Amino acid sequence: MSDRSFTPAFISFKALSGWLRALAQKATVHAPRREGRAVVYRELGDGQGLESFLRPTESAKHVLFPRSEALFSFQRQGEAAGAASGKIRLQEPEGEGPAIIFGALSCDARGFLSFDPVYDGCGTAQAVGGIAKDPYYLRRRANTSIIVRACKSALNTCFCHWVGGGPASTEGADLLATDLEGGLLLSPCSEAGAALLEHPDCVPALPEQIAAAAALHAAAERSLGEAPPAGELAASRAALLALFENSEFWQRQSAQCLSCGACTYLCPTCYCFNITDESNGIAGARLRSWDSCMSALFTLEASGHNPRAAKAARLKNRVGHKFSYYPAIHEGRFSCCGCGRCIKSCPSSVDIRKIVLAAIKEAAHV
Amino acid sequence: MRIGVFICHCGSNIAGTVDCAGVAAQAARFPDVAYSTDIMYACAEPGQDAIIEAIREHGLTGVVVASCTPRMHEPTFRRAVERAGLNRYMFEMANIREHVSWIGKDMDANTNKAAELVRMAVAKLRLNRELTPKSFPVTKRVLVIGGGVAGIQAALDAADAGLEVVLVEKEPSIGGKMAKLDKTFPTVDCSSCILGPRMVDVAQHPKITLYAAAEVESVSGYVGNFSVRIRKKATCVDWDKCTGCGLCTEKCPSRKSYDRFNEGVGPTTAIIIPFPQAIPKKASIEREFCRQFTRGKCGVCAKVCPTGAIDYDMQDSFVEVEVGGIVAATGYDLMDWTVYEEYGGGRYPDVITSLQYERLLSASGPTGGHVRRPSDGAEPRDVVFIQCVGSRDPSVGRPYCSGFCCMYTAKQAILTKDHIPDSQSYVFYMDIRSPGKGYDEFTRRVQEEYQAQYIRGRVSRIYPSRGKLVVCGADTLMGTQVEVAADLVVLAVGGEAAHGAPQLAEKLRISYDQYGFFMEGHPKLKPVETNTAGVFLAGSCQGLKDIPSSVAQGSAAAAKVIGLLSRDMLESDPQIAQVTVSRCIGCGKCIEVCPFKAIQEIDLRGQPRAEVIETVCQGCGVCNATCPQGAIQLSHFTDNQILAEVEALCRF
Amino acid sequence: MAIEQELQAAVKAALPELDCIIGWGPGPDALRDAPLFLRDAADADVLRAGFFSVNNPALFLPEYKGRKIGVLVKGCDARSVGQLLLEGLVRREDLFVIGFPCSGVIDAGKAAALIADRCEAGELRSVREQGDSIVLEGPDGAFSLAKKDVRADKCERCLFPNAMDADLFVGEKRAPFAELDEYADLAAFEQAPLEERMAFWEKEMSRCIRCYACRDACPLCVCRDQCVAVARDPHWLSQADGIRDKLFFQIIHASHLAGRCTGCGECERACPMGIPVLLLKRALSRRVETLFAYRAGIDMQGRPPLLTFSLEEPRIKERDW
Amino acid sequence: MSKAQSAAQSAAGTAPGKGPGPGARPAFAGDLPNPYLPMPATVIEVINESPSIKTFRLVLNDERAMRDFHFEPGQVGQLSMFGVGESTFVINSPPTRKDYLQFSVMKAGENTAALHGLSAGDTVGVRAPLGNFFPYESMKGKDIVFIGGGIGMAPLRTLLLFMLDTRKDYGRIRLLYGARSPQDMAFSAELPDWLVRGDLETVLTIDREAEGWEHKVGLIPNVLLEMAPAPENCVAVTCGPPIMIKFTLQALEKLGFAPEQIVTTLEKRMKCGIGICGRCNIGDKYVCVDGPVFTLAQLKGMPNEL
Amino acid sequence: MAVMQGKELRIVGFLCNWCSYGGADTAGVGRFAQPTDLRIVRVPCSGRINPLFILKALTSGADGVLVSGCHPRDCHYAEGNYYARRRLEVMRGLLPVLGIDPGRFEYTWVSASEGQRWQHVVEEFTKQIHALGPIGRFPDAPELASLGLGAG
């Protein structure tokens, strides 16, 4: 982290696509695009259509943590190549080049902060074999710059301010873009972010532009409803443990849950994955693909035993992980960035805010 | 897994159009293949020994043989790998003969195709699991369907071997077509004299239960344990009381009934004993002719019956029998010859069928053995026989040869001369087919000794003229037109599958060909077996044949059943459905679609689950295709195995 | 709304006999109600039933097999209940079915598109029904939309707006909307060249995140935890992020619903990525209707057509080789 | 941020949600070892233990890797069938015997079925060692009671052989091993030796009477109560199917064993084996890194989700 | 496996063991020459064929799929082909909406004795598929396609 303060720049909407295309010369640029009813991140095309603020339906996590990737491929070799006794060659995939996420929401950028300690091996600190780091994630993480676009206003599913974020939070961001009249104010938050501004169309921002942005940030902040006091929310850690065996509570909370994976797959902080092999018998790959703790198969053991067979147990684990277990081993930080996608896109309107608050209340009650 | 691949040359049958060594070389690089070679004749003893040796030498755990169709030699090779210590289901075949080398000449394409078929077989074999058959007890009883000469032979042979036999005959008496014949060729001995005693044996055999006037209603179960429901048709006569005295048939006032036994040559009564030697010799009422039924009153037979056996209210009844094997011997019927307009289409009374002529010749027939033509009862002098009526004639959908007409026509020409010494027989024929023992000599005798005139040619028209029937035809040998003024015309009407044969086949779950004849397991190697285990064929139901062949097949079928039921336990085919209980959701869809009721619902800790009854499952896999989550899988044809074959072809 | 109050009263009356009643209550944003599991009479006060009661409560019934529960149903929900009953997946005696006349439900996506220039759906403060319109309270004041402009497509096609086989029907039954060719959209879609149709699915499925909300929202997807989607035996699909596998799951889903799908559209509504997955199922429903004159959830006498057969199939025209 | 730093920060009571700040991200060095990459190994021997259990002895293909391979008793490894998948098994040969790595595999799912198809000479992949291990240092000088059920004997075998190889460090060592039937008993080739050697007291039991069985008949917890090991200066090490564990723990507590004196190893569905993929957690503990070995005292402090 | 360039297209057949596989054998025994494109997967009964196999083949690179079973009434298992007829007929309705020409899939009934009919069916169907040409593909995941594990 550098203590150096950065100079904000301004880019007009007219010049925006040119700047992004210039960035795309050196890195793969991912930017939101409306497709059908959804807003998805796509690789930058002509850079058009990015003048207006778009709230992506999905998070940007797939840029660093693809929905599926080959951990390695394998190939049997030699005369009787097919035979199980044949020699086998393993090959790791080549890493991609640098990437830029343009138009991430501040919550998306903060989402990666939940990934970082896990994929950096902090979870394995006690393991005797040494700390195991995930090179796939870490390579992309080091290679990716994130341009956050500040939210103009909050939706009623938003709760970033409960968990330490805000519409214009710069945590995890390299550059903060704020929509102004005629263009974007680009405030660098890191060296890497500042470097992105080395383009003739990124002109130094005027003081009034900086002030306007600050005012917009404040307005957006105000559009968020009242958050529960931080101390109260921190009680979730103990509350969720206390309610662990309260099956009636969890059954009530999970009644409407469909056990689908929309919440986990749209979540910027959910990092769980599955590992499966695909092969034609001679060559194949070991794939790492997104998995969801809401799926019954997630914990199903080969013996048939399943510690989380009921959807109530799975919902309990998801909420528990985010608001109790993760904070317990990661400095009290929730594994939730408050983006509200899990609420907004839940086909059955499950609201994690309500569950956490209900748990705190129920535990206090007991 | 360590797979061995053997590419068979089959002499030049495969090697002629497939590069077998090339296929073997390709196969060496297929997944899990540890050994691959080509081989001259895989099925021959040296071939099998080579496979066994390779299994031992290379520690193979699975084998693929690419050769002929698995329908031929799969059992052979399974036994071979078993001899080498492998489970017999750790084996797959690729059919590179019938499906490759024999249907195309392009060496490159064939070689490529053969390699792909091997690749598929390897892909499937990699997912094969060892399977072990289950044993189950058998019911040592056999059902014979049809009481003609083939069925009688089968029943007697099986009963003599100590098996209980249930014989079902749809007519009120056994005897079948042979009972209707006067004499038999080529010995010209009396048909009923040789058949009659066998019929009596059936009646008296302690091991045989005879149900005449009965039909098979339904069949369930499987080899070794069939359940058969038999419909006993209401004869309106209580056969337990009937003594067969015949008083009722004498007194019956309805004398215009159609005489089925006599092929309608003369009328009969409504209550009948079909013929004097009938077994069982019991009366039965033909309701469509009986006045009690057609007019609602009569009751004569009931009045005269000394034992009070008549019961007009009798209903069809049912019996259930359990049997271990089934012999179908349902014979044949004559085709409906009236489609032939050129022969008068049935309008001329003196154009009759050969079977009707048998009845006219028979001493026990309606004319007492005197040949009298139907129109006026006169004794005919010039008799014309026309061959191949409804045989070898694609225009009426009967392209096949009935096989026995040439011989019985010759016999009938001889008998005509015997009955009417001054008569003259003319035989219009296409070819004379007489390949049996003593048969060709017989057809020469009729021409040389009995002066029957054989005219090679088709009859184009028959028309009546002054009390005679003028038969116009061509003599293709002479190249002339021929006209014969005949007193009687006898048509050698061909046979066809017995009416109702397809329906019975469906009950027995056996196949039948496009004409309705039942399909044998293999045309050469399994002539009396069917593709349904435990069901065998005898006589003309499998294809038209003469008496000696029918008898031989009856004995053969009996031998097969005796062999089958000589074992106390049978092994069930383990290629059956299996439920992964942990994945079953108990929705019951598999239970609903199973054609064999082989799946039952069980309770697993309060939850419904499906369970396969191993001995009932026949392995069709309909359940597997129905189960949405694939919790029920057909062993040896699992989803993953079929997907592996598809993917080997399409993706890899 | 009068019906809502009547229903609240009905629910209160029925509740003592029942484990719970499934209906609708307030959702996290204004355009949608959330499923509500009523256990106490007090819960009934927040009960809703109307234009925003989109979720199909039939979905939850198999979970409760063996317990007596009540369920509020729209016409389409009732068809799902009917099909579940027909297949023996729920038992009639376990159910207390409360029907009411449905005048269609909102398609939140349509509404979101219509109001896009004012605000996002998540910024709406409140929404209420007013006759044939809905009145929305946005950040910059109130405005209204015509129901017909934001009604779900399935409602326009719906021929059965009144719940069938209800134990209690509250309100007046209503006639379906103007009849239209139920499959006109499908026919139009099939006018496009084959390559375009393929390209359509390629594009749509590229958004799929494999969350299986489509499956888990389907009231007739009864395999639930045992779905083949992630199974290895049978191994129909890889977990790779490819169009082929993603689309194939939709094919599997459609095939498992052939002759069973009632067209409730929950699969498509549940999809967070807005993929029109109902179309595939409707293609098969149309086929089943043509071949067997069968409509799932309506034909309560017959058997699901793919679980039975007839010797002669008069409507099947086999190819003559 | 280093672990020490973060711990310090945690101790300082950082407010929930306050993170590392703008632009911060973990470092990435290009030569990071890849923890997902298995080491190719060759099967040197396959032992049929029971109809459903086979034991495999493996040697890593890379001679140096094999020579440098270091692990502790109780640690697990992931065995790969390339194209099928990976599953976790304990290394049940002790670190004191390094000619090969031994794994015993019970056929249960796709991967174990594939493993059962292996013959000597075939290639597999190994990711090991993973997880924690038996706290044998703290057991030194104490009496040890091993209680194993079925395939649960595998992890105990490691520690048992390790202790026998370093016998002087421990007091009295007893083994109670039970299985459903004689056929289900794994390591049958070694049992005669275990039964006769003077430095180990072995009791075998099966659930139900079987012909030719000369040892105990009865459920493990009952036989354990009969054996009645004294809890003083003693550690009980147990592993087996959940139902057996449940009653064995009850029996041990009845005998006076404190939770700290009872050690067990857990089984969970695992994928990554390095604490990332997220499925083997019990509360905030990940069985793959914090386990699989836990004392009963530790388990009592965790949510009840076994 | 790759098809022979320019010569063949990929045609997958699913044949029941008792009738149609035997019919294909009969055609072979009779030396009834046929195009070489077809590869036959043997299944016990047409009722075993999950219609999804057909779609799996068509989305995995098969240019055509042919199913053949026993004639109605002749099923070795009595009813399997009746179920098959319904399921295959329904599933065919999905092809047009997916953008797959419905002519790429046919089903028929061929008995074990109908070698000539089998030859005719294979000739006709192969001709039909060649007229349609190679099938369009739905793309595979790059992580599979790059390894040759993609469709086609």
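A, B, ... follow the sequence lines: proteins, then strands. Residue 1 opens every chain. Remember, it's a predicted structure, so these values are computed and weren't measured experimentally.
- At a threshold of 4.0 Å, the pair E:R92-E:E106 counts as salt-bridged, since one of the basic side-chain nitrogens sits closer than that to a carboxylate oxygen.
- Contact tally against chain C (heavy-atom pairs below 4.5 Å) for E:R85, E:E79, E:R117: the top residue is E:R85.
- A salt bridge is absent between E:D37 and E:K7: the closest approach of a Lys/Arg side-chain nitrogen to an acidic carboxylate oxygen does not fall below 4.0 angstrom.
- Heavy-atom minimum distance, C:I316 versus C:F292: CD1-CE2, 4.3 Å.
- Contacts between C:T290 and chain E at a heavy-atom distance below 4.5 Å are absent for every atom of the residue.
- In this structure, C:R215 satisfies the cation-pi test against C:Y212, with its NZ or CZ atom closer than 6.0 Å to the six-membered ring centre and inside 45 degrees of the ring normal.
- The contact between C:E190 and chain E is made entirely by side chain atoms (from C-beta outward), counting heavy-atom distances below 4.5 Å.
- A disulfide bridge does not connect E:C70 to E:C45: their SG atoms sit 2.5 Å or farther from one another.
- Of the residues considered (C:L307, C:L280, C:L284, C:L194), C:L194 shows the highest number of contacts with chain E, using heavy-atom pairs under 4.5 Å.
- Between the side chain of C:R287 and the main chain of E:E89, a donor-acceptor pair closer than 3.5 Å is present.
- Between chain E and the residues C:F248, C:W201, C:F200, the most heavy-atom pairs under 4.5 angstrom are made by C:F248.
- Each of C:A254, C:A283, C:A240 has some count of heavy-atom pairs under 4.5 Å with chain E, and the biggest count is that of C:A240.
- The aromatic rings of E:F53 and E:F14 lie parallel to each other, with less than 30° between the two planes, well short of the 60° mark.
- Between chain E and the residues C:L291, C:L186, C:L311, the most heavy-atom pairs under 4.5 angstrom are made by C:L311.
- Contact detail for C:C267 and C:K281: the closest heavy-atom pair is SG-NZ, 3.4 Å.
- For a residue to count as touching a neighbouring chain, one of its non-hydrogen atoms must lie under 4.5 Å from one of that chain's; by this rule E:E123 does not touch chain C.
- Both the backbone and the side chain of C:P305 have a heavy atom closer than 4.5 Å to some heavy atom of chain E.
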Next item on the list: Begin from the C-alpha positions of C:K246 and C:E202 and carry the test side-chain contact (heavy atoms from CB on, under 4.5 Å) through to its verdict.
Entry: CA-CA 10 Å; C:K246 292 172 177 182; C:E202 185 180 334; over 6 Å; no

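- Interface remark: of the candidates E:L55, E:I100, E:N50, E:L55 forms the most heavy-atom pairs closer than 4.5 Å to chain C.
- For chain E, the nearby parts of C:D241 are the backbone and the side chain; heavy atoms of each come within less than 4.5 Å.
- When heavy atoms are compared at a cutoff of 4.5 Å, E:P96 approaches chain C by way of both its backbone and its side chain.
- Your options are E:P72, E:P139, E:G136, and the one with the most heavy-atom pairs under 4.5 Å with chain C is E:P139.
- The part of C:S238 that comes within reach of chain E is its side chain, from C-beta onward, which places non-hydrogen atoms under 4.5 angstrom from that chain.
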